[in-house]
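Worksheet for the structure shown next.
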Amino acid sequence: MTTTTRYTSQVPSNTIQVLIDRDRIAVRVEEIAAQISRDLADVRVEGEIVLVPILTGSIIFVADLIRHLPHKIRIEVATVQSYYGEKKKVKQAKIIGALPRNVDGKHVLIVDDILDSGETIRLIRNELQQRNPKSIRACVLLRKQRPTAMQTTCEYVGFDIPDEFVVGYGLDYQSYYRNLPDVCTFKGDAP
Ligand code: IMP
Ligand code: MG
């Protein structure tokens, strides 16, 4: 089991704890890749996957995942910003910049770090669906155990986690902590 001591330069070890350590993540990432490979076995022989990582949270996950995929892969990133609307209760997602256009007839795999409200995955899937892909699938490392997340269609889920704020392995708090190698939670308030 990994200790938190190596984090002390970035965050005091008494304020953070490891929820899923890097070894468990590595094993699970390989399992997900094997599952994707099985589901898209035909594509390995002919065709390609258009992989759509959602920036910025998915960068580390996607970097690890693609190195276990034997397919011909094209990466087309998408940027989504989450914000709260006027009523401040419902989280909404907005696409920043262009989405990949050349997905016509292709197998699309959307990759994100975490499924929280589900808004991001629903939005991207709907947008890309309109561009006539041959198939479309979504993959997240983490899914919070909350109704809206569990009800969102997502073909590949690494870990179901409690409805808590997490950082590390790509996930941030105020743009920091993405480089922590493990998925961590804060004890009490974030520093
Ligand atoms: P959703 O659209 O509500 O499903 O939220 C997805 C996005 O919110 C993710 O891509 C993350 O960027 C961010 N997010 C949600 N929960 C967390 C968390 O616990 N830690 C860090 N980022 C999170
Ligand atoms: Mg994100």
Side-chain angles (χ1 to χ4, degrees), residues 2 4 7 10-12 15-22 24-25 28-29 32 51-66 75-100 108-130 136-191:
T2 318
T4 54
Y7 295 153
Q10 203 178 155
V11 52
T15 65
I16 200 155
Q17 64 194 14
V18 174
L19 182 67
I20 309 169
D21 71 63
R22 65 201 78 176
R24 277 182 71 203
I25 296 172
R28 189 68 187 122
V29 169
I32 298 168
L51 200 127
V52 183
I54 312 290
L55 296 181
T56 306
S58 70
I59 56 169
I60 295 177
F61 177 38
V62 92
D64 284 347
L65 184 72
I66 57 173
I75 297 180
E76 300 276 352
V77 297
T79 302
V80 177
Q81 242 175 30
S82 296
Y83 64 101
Y84 286 92
E86 281 175 16
K87 289 183 180 162
K88 301 266 180 206
K89 276 189 180 151
V90 184
K91 200 170 171 188
Q92 288 175 295
K94 190 169 85 179
I95 296 166
I96 310 290
L99 268 184
V108 173
L109 180 65
I110 301 162
V111 182
D112 204 0
D113 50 358
I114 189 164
L115 200 55
D116 181 15
S117 71
E119 274 300 310
T120 302
I121 293 292
R122 281 197 295 274
L123 175 70
I124 292 283
R125 191 192 278 268
N126 288 342
E127 287 293 323
L128 291 176
Q129 194 67 65
Q130 291 166 26
I136 189 158
R137 293 173 170 83
C139 173
V140 295
L141 179 73
L142 308 169
R143 176 171 63 184
K144 289 194 187 172
Q145 285 173 309
R146 47 179 298 202
T148 52
M150 307 302 278
Q151 286 156 11
T152 302
T153 305
C154 188
E155 285 75 8
Y156 309 101
V157 176
F159 300 93
D160 279 312
I161 60 165
D163 188 4
E164 281 179 51
F165 199 82
V166 288
V167 293
Y169 199 73
L171 292 115
D172 73 305
Y173 170 69
Q174 296 185 344
S175 299
Y176 294 106
Y177 310 116
R178 293 194 197 274
N179 56 320
L180 300 182
D182 312 295
V183 172
C184 301
T185 53
F186 290 111
K187 297 180 195 168
D189 293 334

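Counting convention: from 1, in listed order, for ligands and their atoms alike.
- Close approach of ligand 1 to Asp172 (heavy-atom distance below 4.0 Å) involves ligand atoms 21 (C).
- Shown here for Lys91 and Asp116, the closest heavy-atom pair between the two residues is NZ-OD2, 2.9 Å.
- Within the 4.0 Å heavy-atom cutoff, Gly57 does not count among the residues contacting ligand 1.
- For Val166, the heavy-atom gap to ligand 1 drops under 4.0 angstrom.
- For Val140 against Cys154, the heavy-atom pair with the smallest separation is CG2-SG, 3.8 Å.
- Close approach of ligand 1 to Glu119 is summarised as follows: ligand atoms under 4.0 Å from at least one heavy atom of the residue are 2 (O), 4 (O).
- In this structure, Val167 falls outside the shell of residues with a heavy atom less than 4.0 angstrom from ligand 1.
- Residue Ile114 approaches ligand 1 through these ligand atoms, each under 4.0 Å from one of its heavy atoms: 6 (C), 9 (C), 11 (C), 14 (N), 15 (C), 16 (N), 17 (C), 23 (C).
- Close approach of ligand 1 to Asp113 (heavy-atom distance below 4.0 Å) involves ligand atoms 9 (C), 10 (O), 11 (C), 12 (O).
- The nearest pair of heavy atoms linking Gln145 to Met150 is CA-SD, 4.1 Å.
- Interatomic distance, CD of Gln151 versus CG of Leu115, reported as 11.0 Å (0.5 Å rounding).
- Taking both residues in full, the closest heavy atoms of Phe159 and Arg28 are given as CZ-CB, 3.4 Å, listed atom of the first, atom of the second, then distance.
- Minimum interatomic distance between Ala93 and Val80 (heavy atoms only, all atoms of both residues): CB-CG1, 3.7 Å.
- Using a 4.0 Å cut-off between heavy atoms, Ala93 makes no contact with ligand 1 at all.
- With a heavy-atom cut-off of 4.0 Å, Asp112 touches ligand 1 through its side chain alone.
- Residue-to-ligand polar distances place Gly118 within reach of ligand 1: an N/O pair is separated by less than 3.5 Å.
- Each of the following atoms of ligand 1 lies closer than 4.0 Å to a heavy atom of Thr120: 1 (P), 2 (O), 5 (O), 6 (C).
- Contact analysis puts Lys144 in contact with ligand 1, with a non-hydrogen atom separation below 4.0 angstrom.
- The shortest heavy-atom contact between Arg22 and Asp182 is N-OD1, 2.7 Å.
- Arg146 contributes no side-chain N or O that, together with a main-chain N or O of Asp163, makes up a donor-acceptor pair within less than 3.5 Å.
- Numbered from 1 in the order shown, with element, the atoms of ligand 1 that lie under 4.0 Å from a heavy atom of Lys91 read 1 (P), 3 (O), 5 (O), 8 (O), 15 (C).
- Of the inter-residue distances, the one linking Thr56 atom OG1 with Gln81 atom CD reads 9.5 Å to the nearest 0.5 angstrom.
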